[in-house]
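Note that this is a predicted model, so its numbers are computed, not measured.
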Amino acid sequence: MDHKAKAVWNEWSDTWYRQYRTEEAIAKLIDNPASAFHPAAFALLNKALPSFQGKKICVPSSGDNHAVFAFHLLGAQVTSCDISERQLENSEAIARQYGWDIEFVCDDTMELSKLQSGAYDLVYTSNGVHIWIHDLASMYTQIHRILKDQGAYLMYDVHPFNRPFGKNTDTLQVVYPYDSIIRYENDEVPRYAWRVQDLLNAIVSSGLSLKQIEEMADEAGSFWIDDSQQERDGVSKEELDRLSSWQSNPLAALPQWLSIYAVK
């Protein structure tokens with residue numbers, strides 16, 4: 001377990017991540033649980049599990065826990081697993097407030113040592129997971145282990161094709177080569193810009209079988225807006241429309257999101 005990464009996430013949980021725990025954010029989830037997912041990813045989830053009712057779902061590296069809350073609201077029995085105690089404590093407080101029966105487990109996604117083998121119908125990892133994982137083989141070996149036979153895995157994350165480019169939405173600006181996997185930013189913990197081949201090879205090598213891959217565009221233009229900036233300053237509809245158009249934002253010509261659906 002990376003103790004430095006754990007300390008960083010505990011700090012972020014009480015600062016930057018508070019915006020995901022506002023009454024407004026939670027009310028949106030309660031009103032429409034599917035809003036926690038990209039529409040294309042949600043369609044894959046419905047293909048994997050036509051009904052979530054009573055299904056056992058694990059969300060490793062659960063982060064803001066929006067997917068966890070959404071799965072619970074859709075009728076699943078959910079285990080939220082994260083390296084950060086504070087992320088789990090803050091999310092568990094919300095679950096208690098609303099009377100949601102959700103299991104919270106502090107564990108490393110590359111270990112999942114506290115989770116039972118063959119226990120889950122679905123394992124789901126959401127945006128922002130893979131950049132913190134230094135050992136994809138271990139992560140996917142453990143995901144394969146905790147799935148039931150014929151259980152499904154689905155990931156949703158930033159498409160690796162975006163990793164080489166900077167944030168200039170007026171022109172393409174290459175800041176990293178595609179093969180540069182490890183990045184060090186702000187002298188914090190390492191971040192890993194995995195390629196498509198790294199993800200697929202790790203999934204297949206674990207024993208999971210690929211079923212479907214989706215490459216998706218960001219539908220609202222918010223992909224290129226920093227969350228804190230969007231909350232603080234607001235962004236006009238005209239600017240979001242500009243960011244969604246590849247004619248005015250060349251980065252929009254690339255897929256922004258990647259989903260992979262596999263089964264055990």
Side-chain angles (χ1 to χ4, degrees), residues 13 16-82 87-88 90-104 120-129 152-159 212 214-232 234-237 239-241 243-244 252 255-261:
S13 181
W16 188 79
Y17 264 87
R18 282 183 297 187
Q19 63 186 304
Y20 294 105
R21 299 194 300 270
T22 64
E23 290 186 6
E24 181 181 2
I26 302 305
K28 179 182 177 182
L29 281 174
I30 294 172
D31 181 63
N32 180 19
S35 67
F37 310 100
H38 188 288
F42 192 62
L44 281 184
L45 285 167
N46 280 279
K47 181 176 287 190
L49 290 180
S51 171
F52 296 106
Q53 193 68 41
K55 298 298 183 181
K56 291 197 68 176
I57 297 178
C58 179
V59 183
S61 296
S62 50
D64 61 26
N65 276 264
H66 281 201
V68 170
F69 298 151
F71 283 131
H72 170 79
L73 291 165
L74 291 165
Q77 301 175 36
V78 193
T79 298
S80 169
C81 189
D82 201 274
Q87 288 282 67
L88 295 173
N90 286 323
S91 297
E92 189 170 11
I94 292 173
R96 285 198 305 269
Q97 177 183 347
Y98 290 95
W100 297 339
D101 184 13
I102 297 170
E103 181 183 29
F104 293 91
Y120 295 96
D121 298 288
L122 173 73
V123 174
Y124 175 75
T125 59
S126 193
N127 172 37
V129 170
Y153 167 70
L154 195 137
M155 65 83 75
Y156 166 72
D157 217 321
V158 173
H159 200 297
Q212 190 169 337
E214 292 287 336
E215 299 172 295
M216 302 96 81
D218 181 72
E219 298 187 334
S222 57
F223 181 86
W224 296 276
I225 303 296
D226 179 75
D227 285 337
S228 59
Q229 175 188 337
Q230 190 172 18
E231 182 183 55
R232 184 178 64 249
V235 180
S236 68
K237 182 181 183 303
E239 175 62 7
L240 291 174
D241 289 343
L243 292 171
S244 297
Q256 286 82 62
W257 300 108
L258 175 68
S259 274
I260 300 173
Y261 164 33

Worksheet item: Are the side chain of Asn46 and the backbone of Phe42 linked by a donor-acceptor contact shorter than 3.5 Å?
Response: yes
Discussion item. Can you tell me how far apart OG (Ser80) and NE2 (His72) are? Round to the nearest 0.5 Å.
Written reply: 12.5 Å
Worksheet item: Any chance the side chains of Lys55 and Gln77 put a donor and an acceptor closer than 3.5 Å?
Response: no
Discussion item. Looking at Asn65, is its backbone amide N or carbonyl O close enough to the side chain of Ser62 to form a donor-acceptor pair, meaning the two atoms are under 3.5 Å apart?
Written reply: no
Discussion item. Minimum heavy-atom separation for Asp64 and Phe69, please, with both atom names.
Written reply: O-CE1, 4.3 Å
Discussion item. Are Val123 and Pro60 packed together at the side-chain level, in the sense that at least one heavy-atom pair is separated by less than 4.5 angstrom?
Written reply: yes
Worksheet item: Can you tell me if Ser222 uses its side chain to pair, donor with acceptor, with the backbone of Ile225 under 3.5 Å?
Response: no
Worksheet entry | Donor on one side chain, acceptor on other, Thr125 and Tyr156, under 3.5 Å | no
Worksheet entry | Backbone N/O of Met155 and side chain of Ser259: donor-acceptor pair under 3.5 Å | yes
Discussion item. One pair to check against side-chain contact (heavy atoms from CB on, under 4.5 Å): Ile260 and Tyr153. What are the steps and the verdict?
Written reply: CA-CA 8 Å; Ile260 300 173; Tyr153 167 70; 5.5 Å; no
Worksheet item: When rounded to the nearest 0.5 angstrom, what is the spacing between CG in Leu74 and OG in Ser51?
Response: 9.5 Å
Worksheet entry | Check: Gly63 main-chain N/O paired with Gln87 side-chain donor or acceptor under 3.5 Å | yes
Item to complete: Locate the shortest heavy-atom distance separating Leu29 from Ser35; write the atom from each residue and the value.
Response: CD2-OG, 4.1 Å
Worksheet item: Of all heavy-atom pairs between Ile30 and Leu73, which one has the smallest distance, and what is that distance?
Response: CA-CD1, 3.8 Å
Worksheet item: Would a 4.5 Å heavy-atom cut-off, applied to side chains only, mark Tyr120 and Ile57 as touching?
Response: no
Practice prompt. For Leu154 and Leu122, work out which heavy atoms get closest and say how close.
Written response: N-CD1, 4.4 Å
Item to complete: Report yes if the side chains of Ile94 and Trp100 come closer than 4.5 Å at any heavy-atom pair, otherwise no.
Response: yes
Discussion item. Any heavy-atom pair between the side chains of Leu45 and Tyr261 that's under 4.5 Å?
Written reply: no
Practice prompt. Before giving the answer on side-chain contact (heavy atoms from CB on, under 4.5 Å), spell out for Trp257 and His38 the whole-Å C-alpha distance, their side-chain angles and the decisive distance to 0.1 Å.
Written response: CA-CA 9 Å; Trp257 300 108; His38 188 288; 3.8 Å; yes
Worksheet item: Given side chains that start at C-beta, do those of Asp157 and Ser126 come closer than 4.5 Å, heavy atoms only?
Response: no
Practice prompt. Answer whether the closest heavy-atom distance between the side chains of Leu258 and Met216 falls below 4.5 Å.
Written response: no
Discussion item. If you define the side chain from C-beta out and look only at heavy atoms, does anything of Asp82 sit under 4.5 Å from Phe104?
Written reply: no
Worksheet, complete the sentence: For Trp224 and Leu243, the nearest pair of non-hydrogen atoms, with its separation, is CZ3-O, 3.2 Å
Worksheet item: So, Phe71 versus Phe37, ring centres under 6.0 angstrom or not?
Response: yes
Worksheet item: Nearest heavy-atom pair of Ala70 and Pro33: which atoms, and what distance?
Response: CB-O, 3.3 Å
Item to complete: Measure the shortest side-chain to side-chain distance between Leu44 and Gln212 over non-hydrogen atoms and say whether it is less than 4.5 angstrom.
Response: yes
Worksheet item: Between Thr79 and Glu103, is a side-chain hydrogen bond (donor to acceptor under 3.5 Å, both in side chains) present by the stated rule, with each step listed?
Response: CA-CA 5 Å; Thr79 298; Glu103 181 183 29; 2.7 Å; yes
